[in-house]
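Following: one structure in structure tokens, then a few remarks.
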Amino acid sequence: MLIIPAIDLIGGKCVRLLKGDYSTTTTYQQTPVEQALRFQSARFSRLHVVDLEGAKDGLGRNREAIREIVQAVRIPVQVGGGIRTDEDVDSLLSWGVKFLILGTVALKQPESVSRWVKRWGGDPFIVSLDLRKQRLQTEGWREESQVSVEEMIRRISDWGVTQVISTDIEKDGTLSHPNYATYTQLRGLLGPEVRLIAAGGVSSREHIGRLKEIGVGGAIVGKAIYENRISLEELSSAG
């Protein structure tokens, strides 16, 4: 199972939110590059980096911080937040970003995603299913989409994307536990060729073990690391 530590960015700094609420921002002292190198030293095999401001307004305000992270580490980096245009995709991939996480654009501009997978193939892309009370959310989790989960899964299949991140927003940043029912349902809806990556509330080895039993192929961990609820050594060996 793939364990992926998270770096969330606002103003070029490492932050965490509670349930996606931008008014609950906690800022941490480590620079993004320092944090990325720390994760690499702990032998994680992938990093999760999100431009929270980009997710909200699509302007890519933290791109320079993202580029510095990618240049500093040797392990693959997956990036989300504010990927809306052909130029966004082209520039991020040219910097060496391994995977691009598509949330709002997958819901609102599916024709763009179809064009991208035709040009670059499905492998560089991860679709993000961000759920609040089983409803998909867009624009940095501030708007509810009218697109159903079932419709999104059909699109994912058509695009040939083989990785999906699902965040239960009500659990994100709470340090409680993942929403196992959500991931059980999604695991049943997604084909066996799709890796499901869980996010939100993952904060212990027990949580990771339970997700693995469900058939989840990866877990993103953020606040539990920054609040020292679990050591990097314990976490990196939990998969």
Side-chain angles (χ1 to χ4, degrees), residues 1-10 14-22 24-26 46-56 77-83 99-108 125-145 147-153 155-156 161 163-187 189-190 194-204 207-208 210-212 214-227 229 235:
M1 185 176 181
L2 188 62
I3 310 300
I4 313 172
I7 298 175
D8 288 350
L9 299 170
I10 290 180
C14 298
V15 304
R16 298 302 299 171
L17 306 181
L18 177 63
K19 299 183 180 181
D21 184 350
Y22 285 74
T24 65
T25 303
T26 300
R46 190 188 296 189
L47 296 181
H48 176 78
V49 179
V50 176
D51 178 350
L52 291 175
E53 291 168 299
K56 187 165 61 172
V77 179
Q78 61 186 42
V79 170
I83 301 169
F99 303 108
L100 304 182
I101 303 165
L102 310 179
T104 296
V105 70
L107 288 162
K108 291 190 168 183
F125 302 104
I126 302 173
V127 172
S128 184
L129 304 179
D130 303 314
L131 295 163
R132 180 181 281 119
K133 295 181 169 44
Q134 304 302 310
R135 299 290 301 180
L136 288 165
Q137 308 294 308
T138 71
E139 308 293 346
W141 303 350
R142 296 176 304 139
E143 296 181 13
E144 183 175 296
S145 174
V147 179
S148 68
V149 172
E150 290 77 13
E151 168 61 18
M152 276 307 305
I153 289 174
R155 293 180 188 179
I156 290 164
V161 171
Q163 296 186 87
V164 170
I165 294 171
S166 182
T167 302
D168 187 297
I169 297 167
E170 293 298 305
K171 296 294 184 182
D172 189 66
T174 64
L175 299 172
S176 56
H177 58 79
N179 188 330
Y180 301 116
T182 292
Y183 301 121
T184 300
Q185 180 186 26
L186 286 174
R187 185 65 277 168
L189 292 170
L190 292 164
V194 176
R195 167 181 266 166
L196 175 60
I197 300 170
V202 184
S203 53
S204 73
H207 295 163
I208 291 166
R210 177 77 183 278
L211 289 169
K212 193 172 181 179
I214 291 169
V216 173
I220 295 169
V221 185
K223 194 170 186 178
I225 295 171
Y226 294 92
E227 298 294 329
R229 297 296 185 94
L235 189 59

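Excluded from the calculations below are hydrogen atoms, water molecules and symmetry mates; all remaining heavy atoms, backbone and side chain alike, are included.
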Test item: [X] and [Y] side chains (from C-beta on) under 4.5 Å apart, heavy atoms:
| X | Y | result |
| --- | --- | --- |
| R155 | V127 | no |
| I83 | D51 | no |
| L131 | T182 | yes |
| M1 | V216 | yes |
| V161 | I126 | no |
| Q78 | R46 | yes |
| I208 | L235 | yes |
| H207 | V221 | no |

Distance in Å, [X] [atom1] paired with [Y] [atom2], rounded so as to fall on 0.5 Å steps:
| X | Y | atom1 | atom2 | answer |
| --- | --- | --- | --- | --- |
| E144 | L107 | CD | CG | 11.0 Å |
| S128 | L100 | OG | CG | 12.5 Å |
| D8 | C14 | CG | SG | 8.5 Å |
| I214 | L196 | CD1 | CG | 9.0 Å |
| Q137 | L129 | CD | CG | 12.0 Å |
| F99 | Q163 | CZ | CD | 4.5 Å |

Compare every heavy atom of [Y] with every heavy atom of [X], then report the nearest pair and how far apart it is.
| X | Y | result |
| --- | --- | --- |
| L2 | R195 | CD2-NH1, 3.6 Å |
| I165 | I101 | CD1-CD1, 3.8 Å |
| M152 | V147 | CG-CG1, 3.8 Å |
| Y183 | D168 | OH-N, 3.6 Å |

request  = Applying side-chain contact (heavy atoms from CB on, under 4.5 Å) between P5 and each of V49, I225, I220, report the one that passes.
outcome  =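 Only match with P5 under side-chain contact (heavy atoms from CB on, under 4.5 Å): I225.
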key: Worked verdict on I4 versus I197 for side chain to side chain contact (heavy atoms under 4.5 Å, CB included)   = CA-CA 9 Å; I4 313 172; I197 300 170; 4.2 Å; yes
inquiry  = Checking the side chain of T167 only, and the main-chain atoms of D130 only, is there a donor and an acceptor separated by less than 3.5 Å?
reply    = no
key: Test ring pair (Phe, Tyr, Trp, His ring centres under 6.0 Å) applied to Y226 - qualifying residues, sequence neighbours left out   = Y28
Counterpart residues, side chain to side chain contact (heavy atoms under 4.5 Å, CB included), relative to Q185 (two or more places apart) =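 Residues passing side chain to side chain contact (heavy atoms under 4.5 Å, CB included) with Q185: Q134, L189.
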message = Walk me through whether V149 and L186 qualify under side chain to side chain contact (heavy atoms under 4.5 Å, CB included).
response = CA-CA 9 Å; V149 172; L186 286 174; 3.8 Å; yes
